[in-house]
> 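Structure provided below as structure tokens; questions to follow.
A note on names: the letters A, B, ... follow the listed sequences, proteins ahead of strands, and every chain is numbered from 1.
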Amino acid sequence: MKPDVENATQSPLLNPPSDREIGRRAQKGTLVSIASIVFLILSLVALALIIINHEPLEKDQKNNVKSLPLRPRGVAEGVSAKSNPYLSNKASYNWTNAMLSWQRTAFHFQPQTNWMNDPNGPLFYSGWYHIFYQYNPDSAVWGNITWGHAVSRDMIHWLYLPIALVPDTWHDINGVWSGSATLLPDGKIVMLYTGNTAQNVQVQNLAYPANLSDPLLLDWVKYADNPVLVPPPGIGPKDFRDPTTAWIGPDEKWRVTIGSKVNKTGLSLVYRTKDFIHYELSDHYLHAVPGTGMWECVDFFPVSVNGPNGLDSSVNGPEVKHVLKASLDDTKVDHYAIGTYFVENDTWVPDNPHEDVGIGLKLDYGRYYASKTFYDQQKQRRVLWGWINESDSETADLKKGWASLQTIPRTVLFDKKTRTNLLQWPVEEVDSLRLSNFEFEEVVVKPGSVVPLDIGPATQLDIFAEFEIEFLASKGIGKGNVGCGSGAVDRSALGPFGILAIADDQLSELTPIYFHLSSITSDASLTTSFCVDETRSSMAPDVSKLVFESKVPVLSDEKLSMRVLVDHSIIESFAQGGRTVISSRVYPTEAIYGAARLFLFNNATDINIKASLKIWQLNSAFIRPFPFD
Amino acid sequence: MRRIPNLVSSFALHIILLASTCIPFTLSQPSVPWKEGNGDLADQICKKTPFYDLCSSILHSNPLSPKPDLKGVALLMVNNILANASDTLSYIEGLIKSTSDRELEQALAFCAESYIPLVKYILPQAADAISQGRFGFASYCISDALKEINSCNKKFSGASQAPLGDRNDIVQKLVDVASAIIKLLLKG
């Protein structure tokens with residue numbers, strides 16, 4: 001398919017489009033600088049006004065803003081921050097119902113209404129994939145936490161089931177928090193989860209299905225003598241949560257690991273058990289990393305070094321490495337590291353101590369937290385769930401009546417090429433959503449141009465793109481190590497270039513997803529940054545506008561490639577086959593419904609890019625309640 | 001492979017079906033209760049399904065408990081499908097082993113991937129659901145079953161070869177019949 005290259009806009013992505021005129025360049029240049037200075041002054045004034053005065057809000061809005069907590073929700077109760085008070089200080093945009101309705105996704109898991117956070121206890125059982133999730137049945141903000149429940153045959157078409165666990169006993173009355181499932185060899189299922197007790201102490205509780213012959217696992221029973229674990233000596237009562245799936249050792253004892261901290265050192269405790277009721281605490285931490293703070297939602301699992309499949313949690317051996325992952329409470333980021341597990345004393349050591357847990361690689365460089373994997377024994381895959389919070393204001397969430405999404409589940413594999421990364425990729429079942437497709441072969445995009453891609457609706461897409469570089473001048477000598485800078489307007493010799501998603505025709509709103517190559521003057525090697533720029537994703541002021549940045553290793557025999565899933569207000573972007581992933585939320589006011597478009601762009605100065613794309617329209621997954629009688 | 005005239009092959013398959021389904025259902029009730037004044041029930045039900053003849057031949061050749069009701073009929077039909085699907089799965093697996101055509105092997109493997117969850121989970125759960133009176137769940141399972149079978153069917157539509165012959169087609173028709181019967185159950 002031939003995109004409209006002839007009519008491609010020739011101006012670089014410099015400034016917001018208030019001064020967009022295609023005309024004589026010199027005049028335009030002066031106009032642009034004057035206009036941008038004026039704009040800058042105006043925005044400074046506006047900012048000053050916001051800070052100094054109280055915004056002249058309408059009565060209702062004013063009350064709402066005042067009644068929202070200044071301290072993030074959850075912190076007082078003992079979990080990580082579940083809201084962003086900063087945004088509630090910004091003037092609330094006049095969100096229309098149309099804008100808010102548009103934000104709901106078509107094929108990402110989210111409950112019909114209200115608040116969701118961490119994914120819990122994922123498992124495959126008796127032909128069904130199960131997901132549980134932290135859920136507030138009463139409101140679109142965090143609180144009154146229960147375990148929501150949904151099932152699916154294919155991890156895409158989900159059906160809502162009744163709530164599985166509610167806070168109804170003293171050992172979880174203040175919150176049925178996160179936990180994991182373990183499938184026992186005899187077919188039984190054990191669920192361990194953190195309960196916040198009546199005294200606000202974090203304990204671990206045991207639950208199991210009431211009826212294993214019910215494939216939907218509707219009803220759950222809590223062990224009569226809960227809790228089975230309380231914070232051990234030396235561990236604070238609010239630093240003990242999120243037990244993992246258990247794995248069995250050669251001594252026939254199961255191990256469970258639970259994140260915690262001592263002062264500022266993040267760590268993971270190990271318990272051994274035979275019956276999931278009586279536990280012995282290991283002498284050693286599984287691992288600890290100073291300065292990383294509290295480790296939430298710890299995950300620990302083996303990956304195959306040479307094989308094509310995922311591994312059951314209990315697998316170990318010479319062809320196996322172990323991944324340790326933690327959600328850092330202090331930074332709200334999910335980190336992981338690859339290393340070696342020693343079952344003799346239940347310790348783990350990273351392959352690269354400089355990239356230890358919490359100081360090295362991130363599972364996702366965007367809006368992403370509380371992730372958890374499980375082993376899918378039906379298709380022999382290790383599958384990763386991740387919670388995507390809203391990044392708009394609580395006011396908007398309350399108005400629209402819901403908050404948060406889960407990612408499309410991702411398979412996780414050891415990257416055999418770099419041997420230092422994990423590869424994440426959307427589960428293949430997402431392909432079942434495909435409708436029509438569009439192909440673009442070797443579209444040349446010159447420096448400073450934007451090329452529209454005519455694909456019809458652009459809010460539900462699966463985009464595969466490959467980029468080749470054509471050096472125009474001498475071989476890319478420019479800035480060293482530029483990274484993602486302040487976004488797609490930050491240009492240099494070798495970038496940025498990529499796509500603009502959820503953009504309108506006038507480019508008043510756009511979300512660039514791009515590569516930016518740095519040049520290193522002395523030799524020909526390049527570092528590649530993969531970026532998602534939210535700064536102009538919306539004209540509304542009360543949404544988060546960050547530039548998400550990552551470095552992605554690109555091997556010499558690889559082309560630059562990305563895969564992007566666009567689903568209304570969520571964009572999941574994968575670089576180099578999933579070696580780096582960035583999830584982001586966008587809340588446009590103009591680029592919605594039929595006005596949303598997709599573009600190619602090249603804002604580099606010294607290179608042409610040649611882009612080849614294959615783009616699918618994706619159908620809705622029609623996630624709905626289970627059709628009981 | 002020369003195609004046998006439709007009518008003959010269809011008839012032959014019906015015979016095979018009847019034979020194969022009679023065996024698992026030879027219970028302690030040798031008599032055919034339809035004749036005992038319940039012949040109308042089979043008729044009534046089958047008229048409301050898209051494949052009357054098929055429905056009728058299955059019901060009239062299977063012994064049931066003394067009081068056949070709509071639920072019992074639905075159960076019988078689902079168990080029938082399960083037997084057929086298991087058979088088809090074995091057949092597919094046999095074909096995979098004996099073929100040297102890579103493309104065919106891939107298409108067959110894909111079909112096996114559809115039939116395995118069908119036989120292992122979907123149909124047994126549909127049967128259980130009917131027994132327990134969870135007709136909504138049963139209906140959902142049956143629609144899942146149809147999806148899996150269609151998915152396998154698509155692999156061979158338009159191709160010059162039809163190695164599964166009518167097998168997939170028969171299973172599909174049986175599922176359509178079962179679906180109609182379960183919808184009757186849902187109406188209450």
> Counting neighbours of CD on B:E113 that are heavy atoms of other residues, nucleotides or ligands and sit closer than 6.0 Å, is the number greater than 12?
no
> Taking side chain as everything from C-beta outward and backbone as N, CA, C, O, which of these in B:D128 sits under 4.5 Å from a heavy atom of chain A? Side chain, backbone, both or neither.
neither
> Relative to each other, are the rings of A:F626 and B:F137 parallel, tilted or perpendicular (30° and 60° limits)?
perpendicular
> Using heavy-atom distances under 4.5 Å, tell me whether B:I116 contacts chain A through its side chain, its backbone, both, or neither.
neither
> Quick one: which of B:Q132, B:R134, B:Q125 gives a side-chain contact (heavy atoms from CB on, under 4.5 Å) with A:D214?
B:R134
> Just wondering, are more than 12 heavy atoms of other shown residues or ligands nearer than 6.0 Å to NZ in B:K48?
no
> Should the heavy atoms of other residues, nucleotides or ligands under 6.0 Å from NZ of B:K120 be counted, would the total exceed 12?
no
> Looking only at heavy atoms, what is the nearest atom pair of A:S126 and B:Y121, with distance?
C-CD2, 3.3 Å
> Is it the case that more than 12 heavy atoms not belonging to B:K183 sit under 6.0 Å from its NZ atom?
no
